[in-house]
Amino acid sequence: MIPVIAIDGPSASGKGTVAQRVAQRLGFHYLDSGALYRLTALAVARQGLEEAGEEILGHLTARLPVEFVGNDIRLAGEVVTEAIRTEDCGHLASRLSTFPAVRSALLERQRNFLRAPGLVADGRDMGSVVFPQALLKVFLTATPEVRAERRFNQLISKGVNVIMADVVRDLRDRDERDRTRAVAPLDPTGALILDTSALSIDQAMAQILAWYSMNARHEG
Ligand code: DC
């Protein structure tokens with residue numbers, strides 16, 4: 001069986017960076033499942049379908065012309081690696097992700113990332129729904145204050161003009177929606193919780209690698 005490390009957690013918890021570094025270190029493939037939800041959002045917004053019903057959104061998601069080529073993410077051939085990172089795209093992604101038809105349309109696509117020698121998958125439901133067989137399930141989190149500060153710094157460094165109060169409010173809204181949706185809500189049950197509030201990226205990575213080698217040894 002190909003090993004999977006599932007890393008789930010709320011927005012701005014540092015999941016993306018930590019998961020990529022763990023994948024790099026182990027020579028594993030990496031799945032940024034949030035990018036698929038963001039790509040769906042971008043496609044929906046570009047077609048002006050923000051208010052469309054679930055059935056239409058499900059069809060569109062199933063037919064999404066997406067390619068991951070090296071570090072580039074492409075939608076219908078166009079590189080959208082940066083375009084999907086906006087706050088608007090994140091919000092629409094969070095809203096669309098509450099539709100079961102959208103989630104199930106992305107399920108196979110996510111599972112197709114599973115290839116030898118292994119996969120590090122980051123998202124909200126990697127351990128609970130997409131890869132329930134994962135050898136290690138981590139719930140990566142940090143206090144709301146630390147996450148808001150990280151997101152704020154990230155946006156400022158990208159040259160985006162934001163104020164802290166808006167960042168805090170946006171994070172709170174997104175957390176609330178991701179945690180309370182009916183299908184595949186963000187839930188730490190069954191995962192090892194890693195609070196990164198006081199940890200560096202290297203420390204968080206070291207903890208995950210230590211847990212992984214412990215579990216891998218157990219598997220035999
Ligand atoms: O991780 P992110 O901020 O790029 O994800 C954007 C949104 O996509 C997130 O707010 C909720 C949704 N999402 C999801 O529902 N399930 C996942 N596995 C990943 C993301």
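One-based numbering, in listed order, for ligands and for the atoms of each. Nothing here was measured: the structure is a model prediction, and the numbers come from that model.
- Polar contact with ligand 1: present for Arg181 (N/O pair, distance under 3.5 Å).
- With hydrogens and angles left out, the side-chain atoms of Gln24 and Arg21 include no donor and acceptor closer than 3.5 Å.
- Shortest contact from atom 7 (C) of ligand 1 to any protein heavy atom: Ala93 CB, 3.8 Å.
- Residue contacts with ligand 1, taken as heavy atom pairs separated by less than 4.0 Å, involve Asp178 solely via side-chain atoms from C-beta onward.
- Note on Leu192 and Val4: separate hydrophobic clusters, where clusters join Ile, Leu, Val, Met, Phe, Trp and Tyr whose side-chain heavy atoms are under 4.5 Å apart, directly or indirectly.
- Distances below 4.0 Å separate heavy atoms of Gly34 from the following atoms of ligand 1: 4 (O), 5 (O), 19 (C), 20 (C).
- Annotation: ring-ring contact (aromatic ring centres under 6.0 Å, His included) contacts involving residues 80-131, sequence neighbours excluded, comprise Phe68-Phe113.
- In this structure, a donor-acceptor pair under 3.5 Å is present between the side chains of Arg150 and Thr196.
- Ligand 1 has a nitrogen or oxygen under 3.5 angstrom from a nitrogen or oxygen of Arg124.
- Of the protein's non-hydrogen atoms, Arg174 NH1, 3.7 Å is the one closest to atom 6 (C) of ligand 1.
- Atom 16 (N) of ligand 1 has Arg103 NH2, 3.1 Å as its closest protein atom, hydrogens excluded (heavy atom only).
- Residues Arg85 and Gln154 fail the side-chain proximity criterion, which asks for heavy atoms closer than 4.5 Å.
- A donor and an acceptor atom, one from each side chain of Ser197 and Asp195, are located under 3.5 Å apart.
- Residue nearest to atom 4 (O) of ligand 1, selected from Arg38, Met126, Lys15: Arg38 (by heavy-atom distance).
- Taking atom 19 (C) of ligand 1 as the reference point, the nearest protein heavy-atom neighbour is Ser33 OG, 3.4 Å.
- Given atom 8 (O) of ligand 1, the protein heavy atom at minimum distance is Tyr37 CB, 3.4 Å.
- Here the options are Arg124, Arg174, Arg177, Arg181, the test is side chain to side chain donor-acceptor pair (under 3.5 Å), and the partner is Ser94; only Arg177 passes.
- In the vicinity of Ser97, heavy-atom distances shorter than 4.0 Å reach the ligand 1 atoms 11 (C), 12 (C), 15 (O).
- Heavy atoms from other residues, nucleotides or ligands lying under 6.0 Å from CG of Asp202 number more than 12.
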